[in-house]
Protein chains: 2
Amino acid sequence: MEELAEAPTRPHRKQKRLGRGTLTKELIVEAALRILDEGNVNALTFARLGKELGASPTAMYRHFSSRDEIETAVADELIRISLDGYEPLESWMDSLRDLAYRAWHTFSDHPAAAMHTFYRVTLGPHEVRAVDAILEAVHRAGWQGREAVFQYQMYSNLVLALSGRNAAMLAAAAAAGADSGNFWVQEYRPARPQDFPYVSAHHDELRIKDGFEVFSGQVEAMLAAMKAALPAAS
Amino acid sequence: MEELAEAPTRPHRKQKRLGRGTLTKELIVEAALRILDEGNVNALTFARLGKELGASPTAMYRHFSSRDEIETAVADELIRISLDGYEPLESWMDSLRDLAYRAWHTFSDHPAAAMHTFYRVTLGPHEVRAVDAILEAVHRAGWQGREAVFQYQMYSNLVLALSGRNAAMLAAAAAAGADSGNFWVQEYRPARPQDFPYVSAHHDELRIKDGFEVFSGQVEAMLAAMKAALPAAS
DNA sequence: ACCTGAACACCGTTCAAGT
DNA sequence: ACCTGAACACCGTTCAAGT
């Protein structure tokens, strides 16, 4: 069986020259994400993009002015994936929790892409949807105006920072060839253990490693603080 | 007046060949941090290190096996700077807040270095001190064993992720030559504003940009959650 | 865990030339 | 916002040779 669906995204290599308009921003972004997902943090190069798309490496410059710009487009694509199928839930807290877990899992599924993009403001078409979705939940909770934006900033920045750092750790561990769960382990063997009594006393516990459990606790802490700070009207 | 203090860290360039043992891990790490602090996120190269230290670029390989290893050493150096002069305060909450603000300010002062290192577990000599300091405060609050480590993980991971993302945004803004405070501004001009009612209603508020105020709110949310979850004994 | 210089296989970006 | 190939100024890393 031929994979017919693959044809439009992966042009035949044997073709000598690509027709005009074969490449698009969308095709390049999808190829970039595919390349980053292979696991090598530094795999996204113009040469690799050219190979993936059966095009000359420099053809990308017709569509993006730099690698940085391609990465920012990947950032918006990750937001698109993360929001896919999202609908507000009955309670504003459930909505915010759902959005947080979506970001976490999207970043965990695409660690190298997330590592290079989680700190970017894309100002792209999907980012604006995410901002609107979070502000909607914050409004439903009872905040308005500047205070609503402040709550939005605290929440979304928290989620992106925590999910992004986790992705960076995953990507770095993969690059180091390490067991991809082991980066959470902090096993210290100081020369003078008596200088670090608390570290020594918790040597075994510091080997525990459930990133999502920690993330979940951090999200609940923020949601509880928001609930406690709800404006009186609600 | 000659800057005598500079001599040991910056060898004379005219010297043809460096004597054996001139280079040390410490000198290389200090040079690396100086280079990163110049503002260019990608400035840390072996060539640049060689120039900074008056040595051959490849001499670094006698002391570190890769650029990645140098960056991990820079990560530990940032922790050293951050802990400099730290003493536990009377209340465990004040201690944790102090440690959080130290990390934030250190990362803000060295954005490019922080961007490349905030997600690393260094297992180095200063990281173990930081872990011990946080565990000490968590113990004083009343936690022990596995639960103490979980509180430590929630808190330190929160602080590193938030301070690290801020540093990455600062570094990226500097690289883009942008006004270094403007990266916090999210000004959307969607084609169909009616599709994003909450974004449209908060157009002006989304220009507000005080990263530290947001960080402070996030830290207080976590401290409040910890206080609420204190074990009964305390 | 010594320092240097040559060498190798890359990499981002520019630009003149091809369709 | 067309696609290609040559060219330029880098970059990380290896390794034989120098002190």
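Chain identifiers are assigned alphabetically (A, B, ...) following the order of the sequence lines, protein sequences preceding nucleic acid strands; residue numbering begins at 1 within each chain.
Legend: residues meeting salt bridge (Lys or Arg N to Asp or Glu O under 4.0 Å) with Arg189(B), ordered by chain and number and at least two apart, are Glu187(B). Residues meeting the side chain to side chain donor-acceptor pair (under 3.5 Å) test with Glu26(A), sequence neighbours left out: none.
A distance of about 25 Å separates the P atoms of dG18(D) and dA1(C), rounded to the whole Å.
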Full working for side-chain contact (heavy atoms from CB on, under 4.5 Å) between Leu158(A) and Met154(A): CA-CA 6 Å; Leu158(A) 178 92; Met154(A) 285 214 295; over 6 Å; no
Worked verdict on Arg34(B) versus Glu38(B) for salt bridge (charged side-chain N to carboxylate O under 4.0 Å, His left out): CA-CA 7 Å; Arg34(B) 245 182 282 132; Glu38(B) 280 165 16; over 6 Å; no
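We find that Arg102(B) and Asp98(B) are joined by a salt bridge, their nearest charged nitrogen and carboxylate oxygen being less than 4.0 Å apart. The existence of a salt bridge linking Arg120(A) and Asp68(A) is confirmed by a sub-4.0 Å separation between a basic side-chain nitrogen and an acidic carboxylate oxygen.
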Canonical and wobble pairing (Watson-Crick, G-U, under 3.5 Å) of DNA chain C, dot-bracket with |: .|.|||||...|||||.|.
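Both Ala55(A) and Thr45(B) lie close to DNA chain D; mapped to their nearest nucleotides by heavy-atom distance, the more 5′-ward contact belongs to Ala55(A). The residue among Arg20(B) and Asp68(B) whose nearest nucleotide of DNA chain D is located toward the 5' end is Asp68(B). Along DNA chain C, the nucleotide nearest Thr58(A) and the nucleotide nearest Asn42(A) are compared for position; the residue whose nucleotide lies closer to the 5' end is Asn42(A).
Residue contacts shown for Tyr61(B) include a base, since a base heavy atom lies under 4.0 Å away. Across all strands shown, Arg62(A) has heavy atoms under 4.0 Å from base atoms, whether or not it also approaches the sugar-phosphate. Using a 4.0 Å heavy-atom cutoff across all strands shown, Ser66(B) reaches sugar-phosphate atoms only and no base atom. Among the protein residues, Leu44(A) comes within range of the sugar-phosphate backbone only, with heavy atoms under 4.0 Å from sugar or phosphate atoms but none that close to a base.
For the ring-ring contact (aromatic ring centres under 6.0 Å, His included) condition, no pair includes a residue of residues 25-45 of chain B, sequence neighbours left out.
With a heavy-atom cut-off of 4.0 Å to chain B, the contacted part of DNA chain C has its first and last nucleotide at dA1(C) to dA6(C).
Within 6.0 Å of atom CD in Glu87(A), 12 or fewer heavy atoms from other residues, nucleotides or ligands are found, so the atom counts as exposed in its surroundings.
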Could you pull out all donor-acceptor pairs under 3.5 Å where a side-chain atom in residues 160-172 of chain A meets a protein atom, sequence neighbours excluded?
unit_1, atom_1, unit_2, atom_2, d
Ser163(A), OG, Val159(A), O, 2.9
Arg165(A), NE, Asn157(B), OD1, 3.1
Arg165(A), NH1, Phe118(B), O, 2.5

